[in-house]
Amino acid sequence: MDKQTVSDPTSRYNPREAEPRWQKAWADRKLFETLVDEATTRPNYYVLEMFPYPSGRIHMGHVRNYAMGDVVARYKRAKGYDVLHPMGWDAFGMPAENAAMQNKTHPKGWTYDNIDAMRKQLKSMGLSLDWSREFATCDVEYYAQQQKLFLDFLKHGLVYRKNAKVNWDPVDMTVLANEQVIDGKGWRSGAEVEQRELTQWFFKISDFSEELLDAIDTLDEWPAKVKLMQANWIGKSRGLQMKFHLTTSAAGFDHFEIFTTRPDTLAGASFMAIAPEHPLAIALAKNDPELAKFGKEVRKTGTSAEELETADKQGYDTGLKVLHPLDKTKTLPVYVANFILMDYGTGAVFGCPAHDQRDHDFASKYGLPIIATFIPNDCEDDPDTFVSGEPYVPLKSETVKWINQPAGVSVASGQEAIDATIDWAEQNGLGDGIVQFRLRDWGISRQRYWGCPIPVVHCEDCGVVPEKEENLPVELPDDVTFDIPGNPLDRHATWRDVPCPACGKPAKRETDTMDTFVDSSWYFARFITPHEKNPTIAEQANRWLPVDQYIGGIEHAILHLLYSRFFARAMSIAGHMDIKEPFKGLFTQGMVVHETYGNKDMGWLQPAELIIEEKDGARSAKRIDTGEEVPIGGIEKMSKSKRNTVDPDDIMQTYGADTARWFMLSDSPPERDVEWTDAGAEGAHRFVQRVWRLVQTWLEKSASATLPENSGGKALEIRKASHKTLKAVGEDLEKLAFNRAIARIYEHCNTLSAVKPGQADDGVSSAMKEGIFFLVQCIAPMMPHLAEECWHALGQTSLVSEQAWPEFDPALATDSMIMLPVQVNGKKRTDLEVQIDASVEQIEAATLNLDVVKKILNGSKPKKVIVVPKRIVNVVV
RNA sequence: GCGGGCAUGGCGGAACUGGUAGACGCAAGGGACUUAAAAUCCCUCGGCUGUAAAGCUGUCCGGGUUCGAGUCCCGGUGCCCGCACCA
């Protein structure tokens with residue numbers, strides 16, 4: 001055989017050479033650019049991965065996320081859809097400002113440099129993205145549209161201003177997010193953080209609480225977990241709002257209102273507690289310096305989970321009393337207490353120590369009575385002594401009895417008691433059954449430079465005035481510095497000082513910018529018409545939205561997704577589209593994890609700094625530079641702090657993008673974490689070369705082979721395997737079960753590899769040709785470069801990326817004869833080969849005729865024979 | 001505290017609505033080719049008994065339902081996640 005004319009099956013596929021070549025071929029043909037405004041007869045499909053923050057380098061998590069999205073995009077394209085698959089950059093945010101402070105760079109330059117670097121990396125992954133739609137949220141063209149949306153929302157009453165507490169760092173003169181406050185101190189300055197009240201902008205997401213909650217039921221392509229998290233976050237609870245009357249008026253109050261979800265425990269009330277910010281507490285504090293001091297102290301304690309856990313229940317007795325609503329001869333003391341939140345309910349509660357842990361803690365500390373309203377059915381003890389230990393919190397249990405209920409009210413137990421008390425309170429004019437939501441309005445003001453400016457002007461005469469639309473965009477000034485603490489916009493006089501849009505007098509711009517979550521709440525809509533002079537074109541948005549498949553991390557399960565759901569509604573109200581749910585299908589992928597090396601004391605080492613050896617089953621890690629042995633730690637999420645990262649660039653240089661993509665998809669179910677191992681990556685690369693070798697091996701035979709026709713024997717066997725694979729892979733890809741699809745492809749490749757070309761007759765050659773074509777098309781969504789290279793080698797002049805997904809032949813994808821397992825008393829004894837459509841009677845007769853069965857029966861009759869067609873036979877003796 | 005999830009070989013994981021447990025991959029062991037290595041190919045691979053044929057046992061633990069349970073029900077253990085002074 002002449003080696004010049006026939007490919008050498010031992011030659012290796014070179015991804016470094018081939019991958020850029022195919023990327024260029026796709027780009028040259030604009031294969032992935034979608035014409036959204038061109039109505040075709042083909043159905044459309046919008047697949048989107050959560051866009052990245054331009055930190056500077058992509059990480060393996062990105063590779064996994066985008067590999068998944070790309071498989072969906074490429075598969076759907078092959079299935080005949082017009083696919084929209086865009087990419088952009090979530091580019092505003094604090095890291096750019098931090099970098100500016102540290103490195104004396106400008107946030108803008110830093111961000112765009114990072115985008116350039118990451119775009120290059122993403123392009124080397126060979127993703128089928130429509131790059132003509134790319135934008136960054138820090139592009140003026142983007143945030144100009146966002147400012148329009150803000151003004152529209154303002155017009156429709158979806159935005160308002162109110163005072164709100166913020167964490168204020170007095171040294172950096174900046175507002176801190178909760179997670180930037182560590183032990184009550186600023187993460188950067190270390191200064192004691194103060195609680196400050198600032199007037200800030202809010203989106204009225206709470207107007208949509210009920211709707212956002214109810215509509216969760218319609219999201220049937222979302223993970224149940226995410227839906228539950230959202231429902232909990234919105235936090236609907238029904239309860240009683242009710243008045244408690246003071247025995248004597250004080251500071252202008254003769255009563256105040258409380259909210260409770262447990263009105264059934266009303267009889268157990270032993271004290272009242274109000275928040276330090278409650279209007280009554282504030283009014284009383286004016287003439288009570290002790291109380292004022294108490295309020296100030298309380299404000300100092302942090303809001304982190306740990307602090308709250310350890311924080312003592314503290315109260316200040318106001319000396320006031322209220323009348324007990326069930327027993328007018330009794331009064332209850334009124335405390336100001338540190339564990340009452342002003343922004344939930346009414347900021348006031350009655351305390352029932354018998355049935356609530358916090359109230360119990362509080363009552364124990366201040367020596368208040370503990371009175372039960374529920375006791376177990378079988379409890380014969382005195383109810384007063386019953387609850388002296390731990391609070392007892394029955395609700396839905398049927399094993400409790402209700403005691404001390406309001407006069408004339410009687411029910412069995414549980415929820416009924418709550419409803420009955422609410423009815424009773426309503427009938428007696430004491431209160432109302434109401435619904436409370438946990439969801440608060442969304443504060444979007446950030447005292448930062450690197451964000452979308454809020455387009456309003458503050459005028460001494462006119463107040464807050466929206467900027468005129470023709471004056472948009474309110475562009476961020478470039479000439480700012482970060483050497484002085486605080487927001488540079490505050491001290492940028494030429495930018496800040498502008499005439500009032502209403503009266504023309506000197507006024508000042510709002511210097512706050514928007515929360516970056518605003519930027520990411522509508523980018524999916526902008527991708528449809530990214531260059532328009534309006535935020536959207538409603539007609540096109542309606543045609544392409546909702547996003548058919550959205551893929552990203554679980555960390556965005558609540559805020560980003562909830563804000564986006566709100567934005568879709570708000571944008572619908574403002575006429576920008578008519579879609580309420582932005583994401584039809586949601587998939588949350590697992591993390592990429594890796595072993596760690598080192599520990600807290602010696603520090604952490606990167607995998608690339610070590611040699612990992614395995615001897616007698618024991619693994620050890622040694623430093624390359626010093627030879628020192630380093631302990632191998634747990635498997636954790638890849639992170640800079642643990643230094644257990646693997647750079648996608650290195651992997652793509654060594655093995656190619658296809659290998660990285662394949663490995664990220666193959667090893668674990670996509671929703672679960674996947675561990676990066678070098679051995680796993682090598683295994684994936686071995687498969688790349690195996691496919692290539694298989695194609696090379698059959699080049700000559702398949703070139704002359706015709707299309708497979710009706711055949712038998714070996715050829716039929718191969719064809720059946722091919723069509724079964726095609727069917728299974730298609731089904732798995734529809735379900736995003738990438739790991740299972742890959743297992744099927746491995747199986748198929750094993751089947752094909754077992755056939756040796758030397759013995760192949762014409763029938764087998766053509767069956768192999770079909771099998772190899774199917775194989776190449778099946779791998780194409782995951783390993784598009786290798787697929788193109790094989791496709792080309794097989795003599796195709798077209799690109800595999802523009803091929804339709806092959807159809808399987810149902811007749812070949814199913815067997816006519818099947819092996820039924822035969823059990824005796826539920827234990828497998830043998831197999832029985834039958835026609836797939838054999839009747840129950842036929843199968844039963846054949847089973848009883850089997851030697852194994854006959855031997856066990858030994859002439860006697862079986863008690864029962866269970867035949868499940870196509871599944872199993874079970875003989876019960 | 002409240003809410004949710006998961007548990008299968010040495011490892012990652014398959015097993016559709018109850019129907020052959022361990023597909024596929026990784027690791028490991030043995031062998032072939034090679035001067036040698038890499039690459040590749042072949043074999044073994046849950047545990048126990050057995051030369052073998054075969055048999056027993058086995059999906060976190062204890063019960064139950066069923067002809068049949070990894071899958072369903074009850075009780076427990078362990079791990080993971082979300083929310084959290086939300087009244």
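Order of the sequence lines fixes the chain letters, A, B, ..., with proteins taken first and strands second; residue numbering starts at 1 for each chain. Only a predicted model underlies this, so the values are computations on that prediction, with no experimental measurement involved.
- Look at A:Asp815 and A:Lys724 and you find a salt bridge, because one of the NZ, NE, NH1 or NH2 atoms lies within 4.0 Å of a carboxylate O, short of that distance.
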Q: List the protein contact pattern of nucleotides 17-25 of chain B with one symbol per nucleotide (5' to 3'): B for base contact, S for sugar-phosphate-only contact, - for none; contact means a heavy-atom distance under 4.0 Å.
A: B-BB--BSS
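- For A:Thr260, counting side-chain heavy atoms from C-beta on, the closest listed nucleotide (B:C85, B:A87, B:G55) is B:A87.
- For the strand RNA chain B, secondary-structure stems (runs of at least three Watson-Crick or G-U pairs, all distances below 3.5 Å) span B:1-7 with B:77-83, B:10-12 with B:24-26, B:28-32 with B:40-44, B:46-49 with B:54-57, B:60-64 with B:72-76.
- Between the P atom of B:A87 and the CD1 atom of A:Ile434 lies a distance of 12 Å, rounded to the nearest Å.
- Taking atom P on both B:G18 and B:C67, the two are 16 Å apart, rounded to the nearest angstrom.
- Base orientation of B:G9: syn, since the glycosidic angle falls within 90° of 0.
- Each of A:Ile651, A:Asp667, A:Val63 was checked for a side chain to side chain contact (heavy atoms under 4.5 Å, CB included) with A:Trp676, and the lone residue meeting it is A:Ile651.
- Residue A:Lys827 is classed as a sugar-phosphate contact, given heavy-atom separations below 4.0 Å to backbone atoms only.
- Applying side chain to side chain donor-acceptor pair (under 3.5 Å) to A:Thr659 and the options A:His685, A:Glu682, A:Arg686 leaves one that passes, A:His685.
- Among the protein residues, A:Val876 comes within range of the sugar-phosphate backbone only, with heavy atoms under 4.0 Å from sugar or phosphate atoms but none that close to a base.
- Nucleotides B:C41 and B:C33 are separated by 8 Å at their C1' atoms, to the nearest Å.
- Judged purely by distance below 3.5 Å, without hydrogens or angles, the side chains of A:Asn750 and A:Arg690 pair a donor atom with an acceptor atom.
- Of the P atoms belonging to B:A52 and B:A7, the separation is 36 Å, rounded to the nearest Å.
- Remark: the A:Arg672 side chain and the B:C6 base include no donor-acceptor N/O pair separated by less than 3.5 Å.
- Residue A:Leu820 contributes atom CG, which lies 19 Å from atom P of B:G68 at whole-angstrom precision.
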Q: Verify side chain to side chain donor-acceptor pair (under 3.5 Å) between A:Arg238 and A:Gln436, making sure each step is shown before the conclusion.
A: CA-CA 6 Å; A:Arg238 183 173 139 80; A:Gln436 272 287 337; over 6 Å; no
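- The two residues A:Ala281 and A:Pro276 come nearest to each other via the heavy atoms CB-O, 3.6 Å.
- No donor-acceptor contact under 3.5 angstrom links the side chains of A:Ser666 and A:Asn739, judged on distance only.
- Backbone-only contact: A:Ser237 has heavy atoms under 4.0 Å from sugar-phosphate atoms and none from a base.
- Contacts of A:Arg440 with the nucleic acid, taken as non-hydrogen atoms under 4.0 Å apart, include base atoms.
- Between the side chain of A:Lys313 and the base of B:C85, at least one donor-acceptor pair of N or O atoms lies under 3.5 Å.
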